[in-house]
Amino acid sequence: MEPATVQACRSAPCVLRRGARAPPPDERTPEIAPLMAKLSRRQSLRLRRWRYPIAVCALVFLARALTLHDAPLWDAGSSAILARAPHSAAAYAERVRTATAKNFDAYWRVCRGGGDEYEPALETCHQWFKMGLTAVDSIDTLILMRLSKQYQRVLRWAEKDLTIRSNNETVSFFELVIRSLGGFNSAFALTGDEVWRTRAKELADSFMYVFNFSSTGCPPTEVKLNADEAEIHLHGEASSSFVSTSETGTMQLELRTLSQITGLPHYAAAADRCIGNMVEALPDNRVVPQTFNSDPLTIEEGFDTGGLETIGAHVDSFIEMLLKTWIWSGKRDGLLRVAFERQVELVFQELSFVRNGTLGLGVNDDPNDNAHIAPTPIMEHLACYFPGVLALGALHGLGGGLHGKSEHDYIHRARDLTRTCYLMSRSNEHGLAPEISSVMLNGSLIPKDGADHSLLRPEVIEAVYIMHEVTGDPMYREWGKEMWDDIQRSGTLENGLLTSSFEMRTGTLKKYGKLHSFVLGKYCIVFRLLLWALTNIRIAAETLKYFYLLFRDRGDGPSIDLENWVFNTEAHPVRVLNITR
Ligand code: DMJ
């Protein structure tokens, strides 16, 4: 102790300087010594009286600390950003990151160890794939958002405990590929951690038998892992050989990526065979139909042209993947590009409409009608992946490129359609985009009866993010901020957790439901009863990721640029092949 400090404490009033200790007993003045002794007797009595409560509290605290292994990661840094510039993009990125951490932690707390989907009302996990579906679907989101604690937990689990096993449940081939294989692939692309490549290979090896199920090499809808058993379903019903176009025709990117990272060509070859057959059989006079006969798939009778003509459900990701697999191939796979460009032409020819300046892509109920009836003027939320795909095409030089002059060029149509999609979210006081909107004669949009609920799907924010990336126009970030604020207001419970399935008409939340792998949540007792499924939305995998990427600074976290990376349909990014450079 410095003499000056001791000196100061010996004189009254005694004030210890910062950093100084109290003088040891032998240095105290004689008057103080009895006083100190009395005080310490009293203190020890008081302490003795409180020792049991203190011990109990300490035990409870310890137990809590051990079970709260998922404490959120947001820290002083994040609140500093929010306080400094609450309306800046960085502040919004931080909010999205915080929300993601909070929702992921809630999932992990209940479902850790391989649970697939969180069931908030029951505080249990719904099992489906029996391999941590939500965790796998979220890996790259955790990486991109630098949620390292959460990532490390998933990594440890994947290294030690994840089993890709056969079970009695049949699982959707499509979901398995886009969520799990896509999740492993992009985790490997972003980190190089060997475990992700190993898991990706292990998973694919367990389902590769499905490619021998039909003469076209196109897989069935439902598969069992490692079981050599698969079933063909169509819209939930058993079917002889008709399958969904988007569900069966979305796997090329994932399996080609797997071949690239393992050096084993048979994964890509299997996917290419099926998709090649599909592309060859595409009808030339209409948008690709929703279903096709996988055995046999011939040009004459392969696609079922009798159904609805749409770019939404059962069609969407097939068209999307034509473009993205072409980009991934280093723009080498010209057949895919040609097929994509033709589909775009047909989409505008068959399904586009303009109402008082609002461009939409509706559905055609009778595609074989020679009179070419106008499409029904509605806009599906699912259809909003299309502007993003057009903008991406323009970035890669298609449809007039980024500086196209004609109003028919991709970039202009992408801009108009993104505006329509954004307006869907402005069409009601809740600020959420419904499943389907009707476009009125005056060009305004209203939620369509019977489909006026919101699942917080990703497609609108996906389009807004891609347009921002491609054009750099700051307006898109402002749109994103409005949309995020509205999700906080209408789609988030008071405890800060996101919800889906919001009823526009009643403005209420449903009560029960499971938390799909793409949605995460945490509930206090009261609000747990109010929460009813963040169902059918891909919040962690898609919605939150796109919001975050829209707001974040480019240098913040791993860089993902759309020239060199491509997102699968579940928003899992992988690197474009480097063969042209
Ligand atoms: C996404 O998970 C995928 O993009 C799929 O292809 C269709 N839509 C869902 C979410 O809305």
Side-chain angles (χ1 to χ4, degrees), residues 116-117 128-129 133-134 136-141 171-183 185-186 221 235 243-254 275 288 290 310-325 340 343 361 379-390 392 421 424-425 432-437 451 453-466 483 487 491 498-502 514-520 533-547 549 566-574:
D116 283 325
E117 294 166 314
W128 181 17
F129 290 18
L133 184 56
T134 299
V136 174
D137 219 4
S138 306
I139 309 168
D140 54 18
T141 303
V171 297
S172 156
F173 175 74
F174 169 73
E175 302 293 358
L176 204 55
V177 167
I178 69 167
R179 301 193 206 189
S180 303
L181 185 54
N185 279 346
S186 74
T221 327
H235 308 318
V243 289
S244 153
T245 299
S246 63
E247 290 185 6
T248 300
T250 304
M251 61 180 158
Q252 222 178 358
L253 182 64
E254 292 80 359
I275 303 293
V288 57
Q290 294 177 296
T310 175
I311 56 160
H314 296 294
V315 167
D316 47 8
S317 53
F318 175 73
I319 298 184
E320 177 187 356
M321 285 303 133
L322 292 174
L323 174 76
K324 290 184 171 179
T325 312
F340 171 75
Q343 286 303 312
L361 295 175
M379 191 76 187
E380 288 176 72
H381 198 296
L382 281 175
C384 288
Y385 79 97
F386 204 72
V389 162
L390 288 178
L392 199 58
C421 292
M424 285 166 65
S425 75
L432 303 176
E435 276 296 271
I436 303 181
S437 300
H453 54 287
S454 162
L455 299 179
L456 296 187
R457 283 186 186 276
E459 290 80 8
V460 177
I461 192 62
E462 176 182 353
V464 171
Y465 156 69
I466 296 176
M483 289 168 62
I487 285 179
L498 291 161
T499 69
S500 71
S501 297
F502 183 86
K514 69 178 181 177
L515 195 61
H516 283 256
S517 81
F518 31 80
V519 187
L520 308 162
L534 310 182
T535 42
N536 286 322
I537 59 170
R538 305 187 174 214
I539 287 197
E542 298 194 70
T543 308
L544 290 181
K545 188 188 292 168
Y546 284 129
F547 268 113
L549 292 176
V566 66
F567 288 93
N568 86 342
T569 193
E570 184 79 357
H572 294 307
V574 288

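Note that the coordinates shown come from a computational prediction; the quantities given were computed from them, not determined experimentally. Indexing begins at 1, ligand by ligand and atom by atom, following the structure's order.
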Asker: Mind listing the closest non-hydrogen atom pair of L323 and V389 along with its distance?
Answerer: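 It is CD2-O, 3.3 Å.
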Asker: Testing the 3.5 Å rule here: is there a donor-acceptor pair between the side chains of E254 and N185?
Answerer: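 On atom types as modelled, these side chains do not qualify, holding no pair under 3.5 Å.
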Asker: Using a strict 4.0 Å threshold on nitrogen-to-oxygen distance, state whether R457 and E435 make a salt bridge.
Answerer: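 Looking at E435 together with R457, the answer is yes, because their closest N to O distance falls below 4.0 Å.
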Asker: Could you tell me which residues satisfy side-chain contact (heavy atoms from CB on, under 4.5 Å) with S317, sequence neighbours excluded, listed by chain and number?
Answerer: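 In terms of side-chain contact (heavy atoms from CB on, under 4.5 Å), with neighbours along the sequence ignored, S317 is linked to F174, S246, T250, E320, T569.
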Asker: Out of curiosity, is E459 lining ligand 1, as in a heavy atom under 4.0 Å away?
Answerer: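 Yes, E459 has heavy atoms under 4.0 Å from ligand 1.
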Asker: Would D316 count as a polar contact of ligand 1, with the cut-off being nitrogen or oxygen pairs under 3.5 Å?
Answerer: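 No, D316 has no N/O under 3.5 Å of an N/O on ligand 1.
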Asker: Near S317, which atoms of ligand 1 are under 4.0 Å from a heavy atom of that residue?
Answerer: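 So the atoms of ligand 1 that pass are 6 (O).
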Asker: When you look for heavy atoms under 4.0 Å from ligand 1, do you find them on the side chain of P458, its backbone, both, or neither?
Answerer: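 Under 4.0 Å from ligand 1, P458 contributes side-chain atoms alone.
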Asker: Between N568, T569, T250, flag the one that comes closest to atom 3 (C) of ligand 1 by a heavy atom.
Answerer: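 Considering heavy atoms of N568, T569, T250, the nearest to atom 3 (C) of ligand 1 sits in T569.
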Asker: So which atom in M251 and which in T248 form the shortest heavy-atom distance, rounded to 0.1 Å?
Answerer: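 Between these two residues, the closest heavy atoms are CE-O, 3.5 Å.
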Asker: Just heavy atoms, cut-off under 4.0 Å: does E542 contact ligand 1 by side chain, backbone, both, or neither?
Answerer: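 Looking at E542 and ligand 1, just side chain atoms fall under 4.0 Å.
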Asker: Applying the side chain to side chain contact (heavy atoms under 4.5 Å, CB included) criterion to E175, which one of I178, V177, V171 satisfies it?
Answerer: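 Going through the options one by one, the only one that passes is I178.
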Asker: Which one holds for L382 and ligand 1: side chain close, backbone close, both close, or neither close, with close meaning a heavy atom under 4.0 Å?
Answerer: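 Just the side chain.
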